[in-house]
Protein chains: 2
Amino acid sequence: MPRQARISRADVLEATLAIAEERGLAAVSMRSVAARLGVTPMALYRHVRDKQDLLDGLVERLLAELPIPDAGLPWDQRLRAMAASLRATAARHPDVFLMLLHRPVMTPAARRTREAVYDALRDGGVSEELIPRVERLLSTFVIGFAASEAGGRFAMHDRRVLDDDIDAGLQAFFAAVERLATQTA
Amino acid sequence: MPRQARISRADVLEATLAIAEERGLAAVSMRSVAARLGVTPMALYRHVRDKQDLLDGLVERLLAELPIPDAGLPWDQRLRAMAASLRATAARHPDVFLMLLHRPVMTPAARRTREAVYDALRDGGVSEELIPRVERLLSTFVIGFAASEAGGRFAMHDRRVLDDDIDAGLQAFFAAVERLATQTA
DNA sequence: ACCTGAACACCGTTCAAGT
DNA sequence: ACCTGAACACCGTTCAAGT
């Protein structure tokens, strides 16, 4: 007779995120997560394969919460909004955000985000053939920027300086896209 | 009477790098580094403040080994060469490279690298006022790209595709710099 | 001055057992 | 089916002591 499950995978990830927010990612351990759920550490192994899987689940959760901008907005405004969302996520969860670069993320949420960028670039006039490359370059810049902020690489700079940085970067990117679009057309 | 020191900070960092290369960064511990040097773990604390300082030393060592291209080369070729060096370093020491984004690096080696980029941008015609911003945007893109490769974010792509990616990215960057230079002049 | 020994408060994970 | 208890092989770091 199946016992009633006391904890779910969602419970485990929620407890993990709570600990990461309250005491930092370093405080996240199988033991601390279990303690918060009132369960022994080994009980977690039914819901996550190992600690790495726990951390991957955290990254996926963050990505899943990333808002996708309204498709009615102009393509460049959509991309600006996504960049701003990524930076906000990085600011809220710096340690978790940095894990984004530590291992490949190929979850539904990651694909959904990439497709939204593809759509924007298509609307911006980028040819179907070039879209994947242009997306890789843009996402590398934006994720790299957000990760740099999260890791403190830009800690000596004012928030306004960094806002202007990303604006300048995106503006140069949009100019390059427009040139691509006109020369193809 | 001072005893003869048996190990130096350089010895400690070299042993650390050797372990990281042979068994991965996860195998690096105060205890494993000490064991390789034939010493107790506590002996290391004379040469590094704590484990974080040990890891910081590793990053600094890698950055110090980064070649600075010949100043006689054209400015854009110098930047291309530095990007290639960073990618090579990331490929050789993926785990250590990723730490570059985890905390601010403000060592002599980091400053030397940044100054080399400043010089190249100046030779490319970027105004003194804009140089720091343009450097931040370029380094963010290149470090982000190398980190993405190191972390496996591009693992599904062929090496040649990624070579073309960074070429396309740098080319767009150079075009933007040239427009900046002519509109200033 | 430099290193050691012992101890403290932790880790992730496996395995066999309990209900 | 789901969770526990005990154990194994580890961690980083402090403190007092040895030479």
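Here is the naming used below: chain letters follow the sequence lines, and residue numbers restart at 1 for every chain.
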[X] side chain, from C-beta outward: closest of [options]:
X        : options                  : answer
Met30(B) : dA6(D), dG12(D), dC3(D)  : dG12(D)
Pro41(A) : dT4(C), dT13(C), dG12(C) : dT13(C)
Arg46(B) : dC3(D), dC3(C), dT4(D)   : dC3(C)

### Message
One pair to check against salt bridge (charged side-chain N to carboxylate O under 4.0 Å, His left out): Arg9(A) and Asp53(A). What are the steps and the verdict?
### Response
CA-CA 11 Å; Arg9(A) 182 174 227 262; Asp53(A) 186 41; 2.7 Å; yes
For [Y], is there any backbone N or O sitting under 3.5 Å from a side-chain donor or acceptor partner on [X]?
X         : Y         : value
Arg122(A) : Ile131(A) : no
Asp11(B)  : Ser8(B)   : yes
Thr140(A) : Phe141(B) : no

#### Entry: P spacing across the pair dA9(C) / dA9(D), given as an integer number of angstrom
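Straight-line distance between the two P atoms is 23 Å.
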### Message
Work out how far the C1' atom of dC8(D) is from that of dC10(C), and round it to whole angstrom.
### Response
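It works out to 15 Å between them.
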### Message
Within the structure provided, determine whether Arg114(B) and Ser139(B) are in side-chain contact (heavy-atom separation under 4.5 Å).
### Response
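Sidechains of Ser139(B) and Arg114(B): no contact.
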Looking at [N], I'd like to know if its phosphate oxygens (OP1 or OP2) sit under 4.0 Å from a side-chain N or O belonging to [X].
X        : N       : result
Arg6(B)  : dT19(D) : no
Tyr45(A) : dT14(C) : no
Ser29(B) : dC11(D) : yes

### Query
Does anything in residues 51-59 of chain A reach DNA chain C, meaning a heavy atom under 4.0 Å, and if so which residues?
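Within residues 51-59 of chain A, the residues near DNA chain C are Lys51(A).
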### Message
Under 3.5 Å for both donor-acceptor distances, Watson-Crick or wobble: does dC2(C) have a partner, and if so which one?
### Response
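Across any shown strand, dC2(C) pairs with dG18(D).
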### Task
Could you tell me which nucleotide pairs with dC11(D) by Watson-Crick or G-U wobble geometry, both distances under 3.5 Å, or answer none if nothing does?
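Paired with no nucleotide.
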### Message
Could you measure the distance from the CG atom of Asp56(A) to the NE2 atom of His102(A)? Nearest 0.5 Å is fine.
### Response
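Asp56(A) CG to His102(A) NE2: 12.0 Å, rounded to 0.5 Å.
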### Message
With a 4.0 Å cut-off on N to O distance, would you call Arg159(A) and Asp163(A) a salt bridge?
### Response
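Salt bridge flag = yes for Asp163(A) with Arg159(A).
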### Task
Would you kindly give the CZ-to-P distance between Arg31(A) and dT4(D), to the nearest whole Å?
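Result: 14 Å.
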